[in-house]
4 protein chains.
Amino acid sequence: MPGNSFGHTFRLTTFGESHGPALGGVIDGCPAGIDINLEFVQKELSRRRPGQSKIVTQRKEDDEVEFLSGIFEGKTTGAPIGFTILNKDQKSKDYDHLKDVFRPSHGDYTYQAKYGHRDYRGGGRYSARETVSRVVGGAIAKLLIAKEKIKIYGYVTQVGNIKLDKCHMDMDLSTIDDTPIRCPDKEIAEKMIARIEEVRKAGDTIGGVVTGIITGMPVGLGEPVFDKLNADLAKAMMSIPAAKGFDCGWGFEGLGMLGSEFNDEFYNDKGNIRTKTNYSGGVQAGISNGEDIYFQVVFKPVSTIMKKQMTVNSKGEEVEVAGKGRHDPCVLPRAVPIVEAMAALVIADHLLRNQV
Amino acid sequence: MPGNSFGHTFRLTTFGESHGPALGGVIDGCPAGIDINLEFVQKELSRRRPGQSKIVTQRKEDDEVEFLSGIFEGKTTGAPIGFTILNKDQKSKDYDHLKDVFRPSHGDYTYQAKYGHRDYRGGGRYSARETVSRVVGGAIAKLLIAKEKIKIYGYVTQVGNIKLDKCHMDMDLSTIDDTPIRCPDKEIAEKMIARIEEVRKAGDTIGGVVTGIITGMPVGLGEPVFDKLNADLAKAMMSIPAAKGFDCGWGFEGLGMLGSEFNDEFYNDKGNIRTKTNYSGGVQAGISNGEDIYFQVVFKPVSTIMKKQMTVNSKGEEVEVAGKGRHDPCVLPRAVPIVEAMAALVIADHLLRNQV
Amino acid sequence: MPGNSFGHTFRLTTFGESHGPALGGVIDGCPAGIDINLEFVQKELSRRRPGQSKIVTQRKEDDEVEFLSGIFEGKTTGAPIGFTILNKDQKSKDYDHLKDVFRPSHGDYTYQAKYGHRDYRGGGRYSARETVSRVVGGAIAKLLIAKEKIKIYGYVTQVGNIKLDKCHMDMDLSTIDDTPIRCPDKEIAEKMIARIEEVRKAGDTIGGVVTGIITGMPVGLGEPVFDKLNADLAKAMMSIPAAKGFDCGWGFEGLGMLGSEFNDEFYNDKGNIRTKTNYSGGVQAGISNGEDIYFQVVFKPVSTIMKKQMTVNSKGEEVEVAGKGRHDPCVLPRAVPIVEAMAALVIADHLLRNQV
Amino acid sequence: MPGNSFGHTFRLTTFGESHGPALGGVIDGCPAGIDINLEFVQKELSRRRPGQSKIVTQRKEDDEVEFLSGIFEGKTTGAPIGFTILNKDQKSKDYDHLKDVFRPSHGDYTYQAKYGHRDYRGGGRYSARETVSRVVGGAIAKLLIAKEKIKIYGYVTQVGNIKLDKCHMDMDLSTIDDTPIRCPDKEIAEKMIARIEEVRKAGDTIGGVVTGIITGMPVGLGEPVFDKLNADLAKAMMSIPAAKGFDCGWGFEGLGMLGSEFNDEFYNDKGNIRTKTNYSGGVQAGISNGEDIYFQVVFKPVSTIMKKQMTVNSKGEEVEVAGKGRHDPCVLPRAVPIVEAMAALVIADHLLRNQV
């Protein structure tokens, strides 16, 4: 049953496999009259690209998006926006050795069991390459919500046990892209990079946390009781490949707090109702209260490692498997634009839903 | 825009306010021929009831569900199952003092801002009382998935900083309801209860973690790329009032691990493909792999406390507010059946989706 | 799979069987702040009631709707509106003779084949009694769209071969309910009634046409390319029990016309763009153009007749079947409020969709 | 709000404008393992192509579909099937004269009013060219349902007042494409063609009826109460550009019949429950009963005519407008594959829904 659409009013439907002719999607529900800055969209796509630095995978993906519809004379028309990203380099033969092997913690086994017939080349549909379509959809969503002064930031706050312990308000978020790890604190960034290098040399991989920030939020986004804003953010983030955990506001870290500490008291800020603290993370009873939204997404280590592992093949025989070529020691910097894209999709959807 | 439905093929739509005539819902998509054990459904509802022990709220809710359709001669007919739970005790006047006050960390302010007109009595639609309908829906879902030998368990693993550190396989999950805190380890349970008592006497509240376990999983549930099984679980859990965080498999706790440690190697278990470890939490690439699913849900402390807090009213004036009567120091034991219900709804939905 | 919901933004979900405890539904997505005139809703329900005159079925259904949520101090709150209509008179035994017989052109056979287990009493879920919930949903929709000055009328334009050939603009639509057949032309109405009487005495039934009119339409309702306004009206009408055909604008009757005759030329009516003719029926390219919408719905004769018919039972044996007691010779006058309700649901849904 | 998707379990989402770079779509929910005969899909597309004979428009559209995903080694994988059809010949300048003119009975005015900004070239999104994507989706649907021996036929039964009055069972439906008008009765076909020629020479256009036939139907497709099979067929057909009316079974033509004549008596046909007559058109209470489904779709005359018409422009000024170049006197033969495609989409969707 279909699972390749996200959103109700601003809806992205995606398609495409790692080694097929192209990936792409359809953005349906984008209002007419939005200026589409194609350079911005392309830049977002480039932020996701592998091969940007030593610490990420070296596969070259000079992805270029082509818009096929829904934009006329630089503006959206309200018609669905179709787009494609060609796969420039599809060498199927490279993957023949994976045809019958179920790599540990990949989708090889579950896809084979569910579908019977699958495109095994490079992970096919379950390759993280599918996220290019998310980034394009998210870029359009960002342009839409920018009209309401809503901005979205993602950055890396943890690599293994190396953790950034600063509030987003105490950092300059415009510098996120300045370090290859996308951490706005340069000192911590260096430690993170050093750790990743260490892991990479060992042929291993490491996970961590991406933090998302949404500023400029209007009051009232989110639909009770099931489509709460934080619930939809949770789904959005947990749908990203390798995501394992999510919290919004003070979640796992607030576990020791009492109600009297956790509650956010309201005050009157020159006519605006604000909260003194923001443990709620900008969402109360599922609806935005105008404060900044912040959330964390845990990513597991990339499953493809250079070390040998035992597994089974499709005949049930035990076999040994190991990654080939260069590998991606840490998905986090590339996950940043994807986290941002998914957040933008959620906010765009709820912005439109709230107009009804 | 509508947000009161959950699920695609097995879909629950709920309605009702804390102090209206009744709450209820419609379960649409339940296949015909499922035996409905009414006692079981009623018992599930009773597990959610307040007033079961000192450590939970004393408001009496002897909730009784009445089924209005969709069941004939003890079996489902495939027609939608309508049901209601009457609010037996609706004293509107008790809540007049809350008409214009925005209690800290409640939905008073966000609902007022979003809707302009709201039923403020006891929280109205944003009262946790709405979860009675989820529990009824979840009970029907449990009966459906029981046919496939799938079972769902919830229990409390953390209260404040008191934490249960045992794997679910090392405990007897049939004893969950034996302690009022619903923790299957009696020693830890006692510590948790003592802590809650302490907090209750101080007029304060405390949060923690509910762990969910799904056993007997078939391989293949979950729909890529957005409707991954773990993504839908995340949304389900984060839609529960007071939920702040979620992880599935080894999430926040696995942050220090490397890929070579985290990956679950496959082996052949007498013809069944199994994993030696289960850091993935039973889901790989969004699809169940047949191993047990386990996940954690973080709940913040209940917002209603007996201590005085500052806030503002609808005129923007600063006012003092404090809880009245008896309060609920810890939502966790009552959250257990709700977590189970939401998990059952997700699994029922994906079980049916996987048949297509 | 669920099929008991209608609409995307203004969504009605219904439940209930002919002889179960109650029917009802949930209206989700109704904006906050709509004044709910309960008398109006009840009056709409009464218009649907059988037993209003000789020419309709005599089963007494003094239906009363009870609203359970979503309305506070006379206004909607934006929360889902749950409602029930009790079945006051449920004599199951009356229907034992139908347990195993598949009545011609009823749903007995298809439901039995599809579901295996069904509530056979009085047709259960496939009884036209389910339409009470549509009428309640439609009444709320009417109140919503009335704020935009949109009005909906239904009336009978054909009974068998007796046909009313007047444009709706040449009649006084406020007189529709003045005749028991709900035809605003008294002369034709008398002929229709006489024909129905004739048919009734013969123990037979007769069908015909209900015409729907929507006035006060804004420009812009309808969503291309699949959710065209006329496409959604078609689905709405064809979902009514016994509906067999639909056209919108000049459909079946315009079959001899050429493009030069059929095209509606635009003109400038004091600043408003209007069409000189309205063969399009108020919809062009699936979107309302501001002109009145008119459409026709064909209803077949009621399937329950007093005459003996041959059929088979669940064992495949040939058996004779005939209606018992009083029967309903013509569904048309009772279909009028249902047609209006469904049209109101479509317009309410698209009104809200167009705000996005 | 999105309106460019059709279907719930087998879902087609389309995009594309008449003069943009490409049209296309995504088919989501197609099960894995279906053999995709690319020649068949291409042939279906060619059946829709203009320029096949004198009686249809001469615009050359040698449409070629390119599949981008979801098919691997000739079979579907269960992943979404993305596809594009390039617009080979996009001369924007040809349409500058239509930039500000609202052609009678086209979507120029309603789109401009709804969206403010539109691609006016050749009708943009409201050009009938969007139906190429429907035909591709329908072709895949046909391949899916062919596994269940379900077949779909469309043919022209009326052009203006020239009508074919034969039951589909008395004709050889394999000869439909033998005449350019796609009417399986050669004598009537000739009359139709002569009439269209006459109309064409006068610079005018003419409408008529396409009949759809579905054979090999299993019992049980259709979901009560709103998603009845005939209701979904109605929506599907009425969403086709220029469709004005629909009936299923004996609709408009059965208006004089009594219940005793209209009811379809059941009989036992060697163990199969069948009906002696089939006035119901294969659907009872919204669910297929195994008999052939037949339905009619009324199409209005094409709006673009060579004759001069009065209209207004975007400034509200009265202007004269007339078609240029060659025109399409009758959409019916090209509508046949579109009617078939939409029927296939409905049946595929309900086939999958019925598996749940």
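Since the model is a prediction, treat every value here as computed from it, not as a measurement. So that the names make sense, note that chain A is the first sequence line, chain B the second, and so on, each numbered from 1.
The salt bridge (charged side-chain N to carboxylate O under 4.0 Å, His left out) test applied to D/Arg353 returns D/Asp227, not counting sequence neighbours.
A side-chain donor-acceptor contact under 3.5 Å links A/Lys88 to the backbone of A/Asp62. Checked by atom type and distance alone, the side chain of D/Ser288 pairs as donor or acceptor with a backbone atom of D/Leu221 at under 3.5 Å. The backbone N or O of D/Ser314 sits nowhere less than 3.5 Å from a side-chain atom of D/Asp100 that would complete a donor-acceptor pair. Judged by distance alone, with hydrogens and angles left aside, the side-chain atoms of A/Gln42 form a donor-acceptor pair with the main-chain N or O of A/Val65 at under 3.5 Å. In this structure, the side chain of A/Asp349 engages the main chain of A/Phe10 through a donor-acceptor pair within 3.5 Å.
Proximity to chain D is limited to the backbone of A/Arg118, based on heavy atoms less than 4.5 angstrom apart.
Annotation: side chain of A/Ile152 is in contact with side chain of A/Ile145 (closest heavy-atom distance under 4.5 Å). Within the 4.5 Å cutoff, side-chain heavy atoms of A/Val136 are placed close to those of A/Phe67.
No other option in A/Thr9, A/Thr84, A/Ile81 has as many heavy-atom pairs under 4.5 Å with chain D as A/Thr9.
Here ring pair (Phe, Tyr, Trp, His ring centres under 6.0 Å) pairs that include residues 122-142 of chain D, with residues two or more places apart or in two chains, are D/Tyr111-D/Tyr126.
Among the residues in residues 69-78 of chain A, those with a non-hydrogen atom closer than 4.5 angstrom to a non-hydrogen atom of chain D are A/Ser69, A/Gly70, A/Phe72, A/Glu73, A/Lys75, A/Thr76, A/Thr77, A/Gly78. Identified by a heavy-atom distance below 4.5 Å to chain D, the contributing residues of residues 28-35 of chain A are A/Asp28, A/Gly29, A/Ala32, in residue-number order.
In this model, a donor atom of one side chain and an acceptor atom of the other lie less than 3.5 Å apart for A/Arg134 and A/Ser239.
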